[in-house]
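Heads up, the thing below is written out as C-alpha cells.
The structure presented is a predicted model; accordingly, all values stated were derived computationally and were not measured. Numbers restart at 1 for each chain; the letters A, B, ... are given by sequence-line order, proteins then strands. Scope of the values below: all heavy atoms of this structure, side chains included, with no hydrogens, waters or symmetry mates.
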There are 2 protein chains.
Amino acid sequence: MSGPTLSDVAEAAGVSYATADRVINKRGNVAQKSIDKVRDAVERLGYVRNVAAANLSRRRVYRLAFLIPTGSNAFFSRVRDHIIQSADHLSADSISVRIVDVSAFSVEGLKDSIVDLAGSELDGVAIVGLQSRLLEQPLAELRARGVAVIGLVSDLPVEFRSAYIGIDNKVAGRTAARMTGLAHRGRAGAIQTFVGSMEARDHAERLQGFRDVIAADFPDLTVLDPILTKDDPAVLCKSAANALQSGASVTAFYNVGAGNVGLIEAISTSPGARPFCVVHELVAHSKQALIDNHIDLVIDQRPDVEVNRAFALLRALIDDRELPPMPDLMPTIYVRDNLPADTLNDAMEVQIR
Amino acid sequence: MSGPTLSDVAEAAGVSYATADRVINKRGNVAQKSIDKVRDAVERLGYVRNVAAANLSRRRVYRLAFLIPTGSNAFFSRVRDHIIQSADHLSADSISVRIVDVSAFSVEGLKDSIVDLAGSELDGVAIVGLQSRLLEQPLAELRARGVAVIGLVSDLPVEFRSAYIGIDNKVAGRTAARMTGLAHRGRAGAIQTFVGSMEARDHAERLQGFRDVIAADFPDLTVLDPILTKDDPAVLCKSAANALQSGASVTAFYNVGAGNVGLIEAISTSPGARPFCVVHELVAHSKQALIDNHIDLVIDQRPDVEVNRAFALLRALIDDRELPPMPDLMPTIYVRDNLPADTLNDAMEVQIR
DNA sequence: TCGGAAATGATCGACGTATATCAAAAAATG
DNA sequence: CATTTTTTGATATACGTCGATCATTTCCGA
C-alpha cells in the first residue's frame, strides 16, 4: 500500500542498505557503478523518502525566520499576525519560527539583518526584500550555508533567492484600472493617483499597470500625475482634500501606496458626492471605510494566503521535495459585501495575547 | 527542543507508560483517578502527540473520498481536477483519495452513493451535498462508523456533518449586486437575472443577496424577474438574445447559475453595445469571455482553495487535532486583468494524462 | 477474608529512516 | 605481489508512537 522502503531499493539494486543509504544521503565514498544501480532502482520502484520517518529519526526541527519591516504599517502587522498564528499551529510539526524586525525600506538595515542571521542556525528564511546589489553578498553566504531563501511580498535580487511569493503588482494596477474604468462606463473623467515613492518598485509597477489599461481600454479617462505622499497619511489627507475642493473635475482616486487613513479622513470630512475610490490592502481602517461607503474598492494581496504559501514552500525547499499544488496568488478585489469576517479582529487578538 | 513525549507525561503523572497510553488512546480499563492524573500532566507539560510518529507506527493511510456530481458542468470538472492534482502530491503523506461520481442534483442518487460508501473502509469523506431528510439516515450510519463527514460547495443537513466548506452564497449575490451598482454609478437601469432553478438553495440565496443590495443601495436600478434556465445553455442563449433585442431597456445581465456558454454566445453574436454582465465561476469559457470583453465580471468560489481546505480539514478531523488557520473563503471577483494564468490549462493537462 | 475482576506496570517488536561503527572485500598503488 | 586506499556489507541504536502480551497489584463484593 504505502510505497517501497529504502530496504526495498537496496535489495532491488543488489546492494546493501548501507550503500543505498550512502547514495541517498550523499555521504560519499561510493563507486559510480553503485550510485547508478541505486538511482536506477529508485526510479524503477518509484521510491520516495518518507519525510516523516526521516524527521523523526533525526529529530529534525525546521528553523525558519521571517524578515519583516517594522513600523506602523498596518499591512505588515497583518503579515506578522498571520505568521504568529500559523507558527502556533506549526509547532506541532516541529517548526520553529522567528520574526526579525527590519527597519523599513532601508537597504542598509536589511543587509545588516541578513548578516545577523549568520549567527543563528537556520534552515530557511523568507524576506520582504529590496532590489539592491548590496544584498547579494550576504544572501549568497546564507545560501552557501544551506539556508533556503525566498522573497516575500517584495522580491530580492532574482539570482539570490529560490522563489518569490507575492502578487504581480502590474496586475494589481491593471485590476484597479479595470474597475475604475467600469465604474465610469462611458462617461469621461479624471483620476487622481497617489504614490508613496516612485523608487518603490511595487508602487511604480502598479501605476504602470493602471496607466496601461486606462490608455488601452478607457480613452475617455485621464490619469492625472501622481501626488507623492511618502505613504504619509497627513500628506494624503491634505492633497486629497485639495483635489476634492478643486471643483468636480476629479472623478476617481487611486492610491497606489499606503497611508489610507489620511485619504479616508479627507473623504469622510468632505461634503457632497465623492469620487470613485480605489486603494490597496485590506486592513482595519480600509475595511471600515468600505463599510462606511467612504471608498469603493480595496485591492488586496491576501497576506494570509501568502504566509501559508511561504511555509509550504520553505518546507518543500528544505526537504528537497516537489512543491505541492498551491492556489494562485492573484490580487483580490474587496467591496463592502465580500469582506472576510475576521480579517483583523482575530489577528488583533493574537497580537494582544 | 521538541515537546515532551508520552513517556514524559507518564512520568510526570506518576503512572506507567502503558497507563498513559491507555488514557491517550482511550483503550478503557483505566481508573478515573489515573485518567485525571494523566490529563493533568498533559495539560501541565503541554503534550501534543506526535502524529507523524503515530502514523508511522500504525502504518496509517488516510482513506478519503469525494462525492462530486457528474455531468458536463465545467465547475465540477474544475473541482475534480484540483482533487486529482492534490491527491497526486498527498500520496506522499499516505493519503489515498477516491472520487465518486454522483448523478447530478438527484437526492436519490446521492443517497445511494453514500450508502455505497459503507462497502469500503474509509476515514473521511467530502460531499457536495443536498438538503434532504433522505440523507440523514445514511450519513448518521457513516459517522457512527467513525468516518469524518464534511459538506463541500453545497451543504448537507447541518446536524449530520462536521463542517461545511463553501462560500456564503448570499454574500456572492451581494457582491455581484455591488459591482453591478457601481458600474451604473447613478444612472438608472434594469437588470435581467437568470437562475437555474429556484429550488437550488445556492441559486435562491445568490438572488436574494443580489436583490437586497440593489434595493438598499441602488434605488435607481430595477431587478427584473429571473428567467428560469435549468442551467441549459440553449435556454440562456435564446432568452438572452431576446432581452438584447427588446430595446435598450436592459442595462445589465446577472446569471446566478450555470450555462454561461449560451449567454456568451448570445452576447458575442449580438451587434452593438451590450449590457454590463456578471456571471459565476471561472472556467474555460467564462475566462475566455472576460478576455474577449463579452462579459465584465466573474464571481468565483476558488475551488482550488476549497479543495485544499477540505483535505486539511479532513485530516484534522480524523486526527482529532485542532484546525490549522485557514484563509477565509470569500467570493473572489475576477476581471480580465487579474486572471490566474493556469486555471484551466494546467488542470486540463492533468485531466488528459 | 477470600476470590475474582479491574487496573496497572513492564516490556517487546514493529514503522522507515538516520547515523555510526567495524570488519570484510575489492580496487588501486607501487 | 604486498600494501594501502576505497568501497562495501553487516549490524546496532535511536526517534515517538502503537498495539500487543503477561505478570502483578489493587479493588470490590459476597
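Applying the side chain to side chain donor-acceptor pair (under 3.5 Å) rule to pairs touching residues 308-319 of chain B yields B/Tyr62-B/Asp319, sequence neighbours excluded.
The separation between A/Lys37 atom NZ and D/dT7 atom C1' is 11 Å, rounded to whole Å. Remark: P of C/dG16 and CG of A/Asp319 are 18 Å apart, rounded to the nearest angstrom.
An OP1 or OP2 oxygen of C/dT8 is reached within less than 4.0 angstrom by no side-chain nitrogen or oxygen of B/Thr19.
Considering only residues two or more places apart in sequence or on other chains, A/Arg98 meets the salt bridge (charged side-chain N to carboxylate O under 4.0 Å, His left out) condition with none of them. Partners of B/Ser57 under the side chain to side chain contact (heavy atoms under 4.5 Å, CB included) rule, at least two apart in sequence or in another chain, do not exist in this structure.
Screening B/Val61, B/Leu314, B/Ile318, B/Leu64 for a side-chain contact (heavy atoms from CB on, under 4.5 Å) involving B/Ile95 leaves a single residue, B/Leu64.
With C/dA27, C/dA7, C/dG9 as the choices, the nucleotide that has an atom nearest any side-chain atom of B/Asn29 turns out to be C/dA7.
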Give every pair of a protein N or O atom and an N or O atom of nucleotides 21-25 of chain C that lie under 3.5 Å apart, one pair per line with the distance.
none

Provide a list of protein-nucleic acid N or O atom pairs under 3.5 angstrom, restricted to nucleotides 16-18 of chain D.
residue, atom, partner, partner atom, Å
D/dG16, N2, B/Ala53, O, 3.3
D/dT17, OP1, B/Tyr47, OH, 2.7
D/dT17, OP1, B/Asn50, N, 3.3
D/dT17, OP2, B/Leu6, N, 2.7
D/dT17, O2, B/Ser57, OG, 2.8
D/dC18, OP1, B/Asn25, OD1, 3.2
D/dC18, OP1, B/Arg49, NE, 2.9
D/dC18, OP2, B/Asn25, ND2, 2.9
D/dC18, O4', B/Ser57, OG, 2.8

Would you mind writing out the side-chain donor-acceptor pairs for residues 35-48 of chain B within the sub-3.5 Å range, not counting sequence neighbours?
residue, atom, partner, partner atom, Å
B/Asp36, OD1, B/Gln32, NE2, 3.1
B/Asp40, OD2, B/Arg44, NH1, 2.8

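Aromatic ring centres of A/Phe66 and A/Phe311 lie closer together than 6.0 Å.
A/Ser162 OG to A/Ile150 CD1: the interatomic distance, rounded to the nearest 0.5 Å, is 8.5 Å.
One finds a salt bridge joining B/Asp123 and B/Arg60 here, because a Lys/Arg side-chain nitrogen approaches an Asp/Glu carboxylate oxygen to under 4.0 Å.
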